[in-house]
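Worksheet: the structure to be examined is printed underneath.
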Amino acid sequence: MELFSVEFYVLMFTVAALLVGLIVKPKEKGAAETSFATAMVLDRETDTTPRIEFKCLENGDVVLIRSGLSGITDTATVALAVTRIGFDISIEERITPGEGDGEAVERATFILGNLGAERYHVTYNSSAYSLFMSTTLVNRPGIGFVRFFTQS
């Protein structure tokens with residue numbers, strides 16, 4: 001003698017699968033926020049290996065040092081378009097050559113603000129140099145690390 005019919009078990013299995021799907025569904029990331037950062041400092045450097053150095057400050061800001069620039073002078077503008085969706089940060093490098101003569105530079109320094117003490121996934125794309133980098137950034141005071149680019 002059966003206690004429940006096959007249809008009942010199918011219905012219960014379907015409801016259980018629906019509940020599991022709702023429980024493991026990721027949270028909504030929210031709207032994309034785009035901001036822009038212009039290099040505060042353009043300077044010379046002896047090691048011209050293309051890389052990014054991250055330094056987390058006490059106030060939550062992150063200093064980003066882009067090394068390995070070539071073919072530009074201190075009259076150029078190096079800027080970043082920073083798009084943030086939740087804990088994903090996408091950075092697009094934009095370089096505008098300067099006018100007139102200037103001193104050659106290989107490094108640009110930026111500050112990324114308004115970041116909480118969280119773990120972020122960061123992608124950095126430099127179309128001008130065909131370089132790409134992806135990393136995880138844990139924004140805690142005192143953390144600092146270097147990531148090298150790959151050819152895109």
Inset, instruction - For atom CG of D47, decide whether the heavy atoms of other residues, nucleotides or ligands shown that lie under 6.0 angstrom number more than 12. - result: yes
Legend entry - From OG1 (T77) to CG (L42), nearest 0.5 Å: 8.0 Å
Inset, instruction - Start with the C-alpha gap between S134 and T123, add the side-chain angles, then the distance that decides, and say whether side-chain hydrogen bond (donor to acceptor under 3.5 Å, both in side chains) holds. - result: CA-CA 4 Å; S134 181; T123 58; 6.0 Å; no
Inset, instruction - Evaluate the criterion side-chain contact (heavy atoms from CB on, under 4.5 Å) for residue pair D74 and V105; output intermediate values, then yes/no. - result: CA-CA 6 Å; D74 57 2; V105 294; 3.9 Å; yes
Inset, instruction - Report the distance from atom OG of S35 to atom CG of N114, rounding to the nearest 0.5 Å. - result: 7.5 Å
Inset, instruction - Give a yes or no on whether V63 and V82 share a hydrophobic cluster (residues Ile, Leu, Val, Met, Phe, Trp, Tyr; joining criterion: side-chain heavy atoms under 4.5 Å apart). - result: no
Inset, instruction - Using distance alone, with no hydrogens and no angle criterion, decide if E92 and S127 have a side-chain donor and acceptor under 3.5 Å apart. - result: yes
Legend entry - Exam field: side chain T38 to backbone A79, donor-acceptor pair closer than 3.5 Å: no
Legend entry - K55 vs V62, side-chain contact (heavy atoms from CB on, under 4.5 Å): CA-CA, chis, key distance, verdict: CA-CA 6 Å; K55 294 180 183 178; V62 176; over 6 Å; no
Inset, instruction - Using a cut-off of 6.0 Å, state whether more than 12 heavy atoms not belonging to N59 lie near its atom CG. - result: yes
Legend entry - Hydrophobic cluster identity match, F145 and L115, side-chain contacts under 4.5 Å: yes
Legend entry - side-chain contact (heavy atoms from CB on, under 4.5 Å), paired with Y124, selected from L131, L80, T135, I89: L80
Legend entry - Y120 reachable from L64 in the ILVMFWY side-chain graph, under 4.5 Å edges: yes
Inset, instruction - Assess whether side-chain hydrogen bond (donor to acceptor under 3.5 Å, both in side chains) is satisfied between E106 and S70, documenting all intermediate values. - result: CA-CA 6 Å; E106 294 84 22; S70 63; over 6 Å; no
Legend entry - Between NE2 on residue H121 and CD1 on residue I85, distance to nearest 0.5 Å: 12.5 Å
Legend entry - Separation between CD1 of I72 and CG of L69, rounded to the nearest 0.5 Å: 4.5 Å
Legend entry - Shared hydrophobic cluster, I143 / M133 (ILVMFWY, side-chain heavy atoms < 4.5 Å): yes
Legend entry - R66 charged N/C atom sitting above Y129 aromatic ring, 6.0 Å / 45°: yes
Legend entry - Side chains of T34 and T83, donor plus acceptor under 3.5 Å: yes
Legend entry - Within one Ile-Leu-Val-Met-Phe-Trp-Tyr cluster: F54 and L112, side-chain cutoff 4.5 Å: yes
Legend entry - Worked check of side-chain contact (heavy atoms from CB on, under 4.5 Å) between L137 and R119: CA-CA 6 Å; L137 166 66; R119 168 181 239 152; over 6 Å; no
Inset, instruction - May I ask you to decide if G60's main-chain N or O and N139's side chain share a donor-acceptor pair within less than 3.5 Å? - result: yes
Legend entry - With S67, the side-chain hydrogen bond (donor to acceptor under 3.5 Å, both in side chains) member among E45, R107, E53: E45
Legend entry - Side-chain donor or acceptor of R140 paired with backbone N/O of V138 under 3.5 Å: no
